[in-house]
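This report concerns only the one structure given below.
Note that the coordinates shown come from a computational prediction; the quantities given were computed from them, not determined experimentally.
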Amino acid sequence: FFFFFSFNFIIKMSDTEGQQPTKPTTAVSEDALKEKVKQLEEEVERMKLALAKNEEGGEEENKKKKKKKLKLKTPKGMRDYGPEKMYIRNKVFKTIVDCFTMHGAVTIDTPVMELKDVLMGKYGEDSKLIYELADQGGEDLALRYDLTVPFARFVAQNRIKQIKRYHIARVYRRDNPKMDRGRYREFYQCDIDFAGDFGAKMVPDAECVKIVCTILKNLDLGDFLVKVNNRKVLDGIFSVCGVPEEKFRTICSAVDKLDKMSWEEVKKEMTVDKGLEEEVADRIGEFVLNKGGEGRDFTMSSMELVEKLKANEAFMANSLGREGVEEIELLIQYMDVFEVQGNVSFDLSLARGLDYYTGVIYEAVLVGQHVGSVAGGGRYDNLVGMFDKKGRTVPCVGVSLGVERLFSIIEARERETSEENMRTRDTQVLVASIKEMDMETKSAKSTIKDRLALCQLMWASGISAETAYKPSTNLKSEFKSAEDNRIPVMLIVGPDELQKGIVKVRNTVTREEEEVPREKTAEKVKALLDAISSIPE
């Protein structure tokens with residue numbers, strides 16, 4: 001500001017240089033100049049005051065922003081798990097892992113992030129759902145979309161020739177979440193895969209179906225159906241119907257939507273959106289609308305559908321389609337051996353949109369429950385070769401369980417059927433004491449050491465036990481705590497019990513009590529726990 005004023009003053013002085021103003025004129029100019037300077041100084045003071053107020057107001061605004069409360073929430077499509085949910089989750093995981101290990105699988109783990117190039121180009125139209133990360137120290141990374149592609153990378157990187165592995169971990173998809181239907185952006189998958197040549201054709205494929213059926217039965221989720229098909233059958237259908245080979249995958253993606261959309265809607269996508277001729281789409285419909293299975297509303301069995309395809313000369317003339325039907329026929333025969341045929345359907349509309357499938361594909365759904373598929377998988381013989389420098393291929397087949405949807409169903413069932421509090425821990429014994437008053441202090445004597453000694457006795461015998469961390473306990477409230485938390489056994493100790501060397505053992509289910517010698521306590525508790533566990537809930 002002062003620079004501007006000085007600059008103008010100098011210009012004005014230079015304009016009058018060489019002139020000889022009269023004294024009165026010069027005197028008036030100096031007075032006017034002084035007055036102008038005074039006005040400018042006052043203006044500067046006003047500006048300083050205004051600036052100070054503005055800064056003060058800005059500070060107040062910043063303070064208000066700082067004071068503004070952070071809205072605490074989980075990211076969209078993700079959720080927390082409290083003790084009740086974690087208890088259910090761990091029970092489900094145990095059921096799944098027990099089945100995996102029963103079939104001889106070993107476990108591995110891989111990073112939650114992969115190189116972006118490892119994931120891209122493996123999921124067809126679903127590649128847009130991959131969470132890409134900003135440059136991380138010179139590497140383009142992405143969060144894993146599933147556990148299958150990382151497994152194929154693991155097999156190629158470690159040059160594994162044969163492995164039967166299971167993997168339970170979180171995966172991430174930039175999807176539109178529907179929490180009420182079990183669709184999340186962060187969720188667990190439980191995978192089992194057979195990598196390598198195991199000799200007998202289609203046995204690993206059939207065993208994957210058997211594993212899914214066993215797990216769904218053990219989780220007691222009601223009626224379910226495992227749909228099976230073969231990518232070779234689909235490619236044979238597309239070829240016979242006149243689909244250009246370059247459109248096989250995109251038309252396959254459209255067919256995959258038949259479980260959510262009507263045939264008319266799928267046909268429109270094929271013709272209008274993907275440029276397929278209407279006659280070709282109609283011929284595809286004559287095939288993919290067929291399905292076979294046992295009971296329910298099926299008009300033919302799975303084997304009858306196989307025979308129907310084998311009777312189609314045009315289709316059987318296609319070598320890929322013929323090979324696919326022969327594989328499905330063998331798979332169905334193994335389903336009979338595994339005694340799961342009643343839960344399996346040969347469904348020609350099943351397509352599975354992922355690009356890496358090369359043979360049998362399957363998908364499990366819960367009949368009458370609108371939660372989408374709860375398991376899916378198939379054969380992917382070429383995926384490992386994509387990562388091998390020499391193109392070495394390792395045949396692979398596997399299945400993945402979408403456990404978040406299973407959790408949602410089991411949680412809802414627990415809320416509806418459980419009149420009591422849902423259990424959150426596996427404590428078997430609660431140790432309590434009978435209150436004894438100290439006549440001198442007029443307060444309850446501490447019994448914590450006596451109770452901890454009984455806890456130690458239980459722990460040493462492999463029995464889970466706990467007690468309240470306070471000097472003395474109220475027996476009535478401890479009874480209620482044991483029953484509310486569904487702890488089956490209580491141990492009660494007091495001055496009389498300590499003197500006699502005994503412990504009261506209480507069955508919280510029947511509320512019956514029995515006095516037992518201290519040295520026999522662990523033996524008695526184990527027998528009581530066995531008796532209680534044998535009673536059906």
Side-chain angles (χ1 to χ4, degrees), residues 65-66 70-81 105-177 183-196 246 249-250 253 352-358 376-398 400-404:
K65 287 180 179 178
K66 287 179 181 178
L70 173 66
K71 185 180 179 182
L72 296 177
K73 61 183 287 293
T74 56
K76 186 178 180 183
M78 303 179 187
R79 63 173 180 165
D80 292 324
Y81 293 86
V106 296
T107 189
I108 68 164
D109 198 10
T110 61
V112 71
M113 292 179 285
E114 292 280 349
L115 295 175
K116 180 181 170 183
D117 289 344
V118 167
L119 302 182
M120 290 302 180
K122 315 298 188 305
Y123 303 104
E125 295 180 1
D126 284 346
S127 291
K128 63 181 181 292
L129 303 181
I130 293 173
Y131 270 108
E132 299 178 37
L133 304 178
D135 175 60
Q136 303 293 315
E139 291 185 329
D140 289 329
L141 304 177
L143 294 178
R144 60 188 173 204
Y145 176 91
D146 65 5
L147 301 179
T148 305
V149 172
F151 173 60
R153 189 266 308 157
F154 175 86
V155 171
Q157 183 177 328
N158 293 282
R159 298 184 178 182
I160 294 171
K161 294 182 179 180
Q162 189 180 90
I163 187 173
K164 187 191 297 185
R165 85 86 173 87
Y166 73 88
H167 190 186
I168 297 178
R170 286 186 173 98
V171 298
Y172 299 85
R173 296 184 185 178
R174 198 172 57 192
D175 204 349
N176 182 29
R183 181 190 292 174
Y184 301 92
R185 288 182 168 179
E186 177 193 59
F187 56 97
Y188 271 94
Q189 282 190 338
C190 301
D191 286 21
I192 184 166
D193 292 79
F194 297 68
E246 64 273 13
R249 293 287 74 85
T250 186
S253 177
R352 302 287 295 169
L354 304 182
D355 282 356
Y356 53 67
Y357 289 124
T358 58
R379 176 162 287 280
Y380 51 101
D381 288 345
N382 300 327
L383 189 56
V384 173
M386 293 182 183
F387 302 118
D388 192 89
K389 292 179 180 179
K390 297 181 179 179
R392 179 183 64 98
T393 61
V394 178
C396 298
V397 64
S400 173
L401 287 107
V403 289
E404 301 296 342

Q) Is any side-chain heavy atom of Arg165 less than 4.5 Å from a side-chain heavy atom of Leu147? A) yes

Q) When rounded to the nearest 0.5 angstrom, what is the spacing between CD in Glu132 and CD1 in Ile130? A) 7.0 Å

**Q.** Residue pair Asp191 / Ser400, side-chain donor-acceptor N/O under 3.5 Å
**A.** yes

Q | Audit row: Met386, Lys122, side chain to side chain contact (heavy atoms under 4.5 Å, CB included) steps and yes/no | A | CA-CA 10 Å; Met386 293 182 183; Lys122 315 298 188 305; 3.7 Å; yes

Q.
Please find the pair of heavy atoms, one from Tyr184 and one from Gly77, that lie closest to each other, and give the distance.
A. CB-O, 3.2 Å

Q. Can you tell me if Arg144 uses its side chain to pair, donor with acceptor, with the backbone of Tyr172 under 3.5 Å?
A. no

**Q.** Check against side-chain hydrogen bond (donor to acceptor under 3.5 Å, both in side chains), Tyr380 and Asp193
**A.** CA-CA 10 Å; Tyr380 51 101; Asp193 292 79; 2.5 Å; yes

Q: Over all heavy atoms of both residues, which pair between Gly196 and Val394 is shortest? Give the atoms and the distance, please.
A: N-CG1, 3.4 Å

Q.
Once rounded to the nearest 0.5 Å, what's the spacing between atom NE2 of His167 and atom OG1 of Thr148?
A. 11.0 Å

Q: Applying side-chain contact (heavy atoms from CB on, under 4.5 Å) between Gln189 and each of Ile168, Val403, Asp146, report the one that passes.
A: Asp146

**Q.** Lys NZ or Arg CZ of Arg173 over Tyr131 ring: under 6.0 Å, within 45°
**A.** no

Q. What pair of heavy atoms forms the shortest contact from Gly121 to Ser127, and how long is it?
A. N-OG, 3.9 Å

Q) Is the count of non-hydrogen atoms from other residues, nucleotides or ligands lying under 6.0 Å from Lys161 atom NZ greater than 12? A) no

**Q.** Least distance between heavy atoms, Gly377 atom then Tyr357 atom
**A.** CA-OH, 3.5 Å

Q. At what distance, to the nearest 0.5 angstrom, does OG of Ser253 lie from CZ of Arg352?
A. 12.0 Å

Q. Where do Arg185 and Asp175 come nearest, in terms of heavy atoms and distance?
A. NE-O, 2.7 Å

Q) For the salt bridge (Lys or Arg N to Asp or Glu O under 4.0 Å) test, which of Arg170, Lys76, Arg79 pairs with Glu186? A) Arg170

(Q) Let me confirm one number: the CG-OH distance from Leu401 to Tyr166, rounded to the nearest 0.5 Å. (A) 13.5 Å

Q. Can you find a heavy atom in the side chain of Thr110 that is under 4.5 Å from one in the side chain of Phe151?
A. no

Q) Quick one: CG on Asp140 to CG on Leu119, what's the gap to the nearest 0.5 Å? A) 12.0 Å

Q.
In the structure I gave you, are the side-chain heavy atoms of Ile163 and Phe194 within less than 4.5 Å of one another anywhere?
A. no

Q. Do Arg379 and Asp381 meet the salt-bridge criterion of a basic N to acidic O distance under 4.0 Å?
A. yes

Q. Within a reach of under 6.0 Å around CE of Met113, are more than 12 heavy atoms found that belong to other residues, nucleotides or ligands?
A. no

**Q.** From Arg153 atom CZ to Asn158 atom CG, the distance as rounded to the nearest 0.5 Å
**A.** 8.0 Å

Q) If you take all heavy atoms of Val384 and Cys396, which pair is closest and at what distance? A) CG2-SG, 3.9 Å

Q.
Contact between Val106 and Lys164 at the side-chain level, heavy atoms closer than 4.5 Å - yes or no?
A. no

Q) Does CG belonging to Asp80 count more than 12 external heavy atoms closer than 6.0 Å? A) no

Q. So Asn382 and Thr358, side-chain hydrogen bond (donor to acceptor under 3.5 Å, both in side chains) or not? Walk me through it.
A. CA-CA 7 Å; Asn382 300 327; Thr358 58; 5.3 Å; no

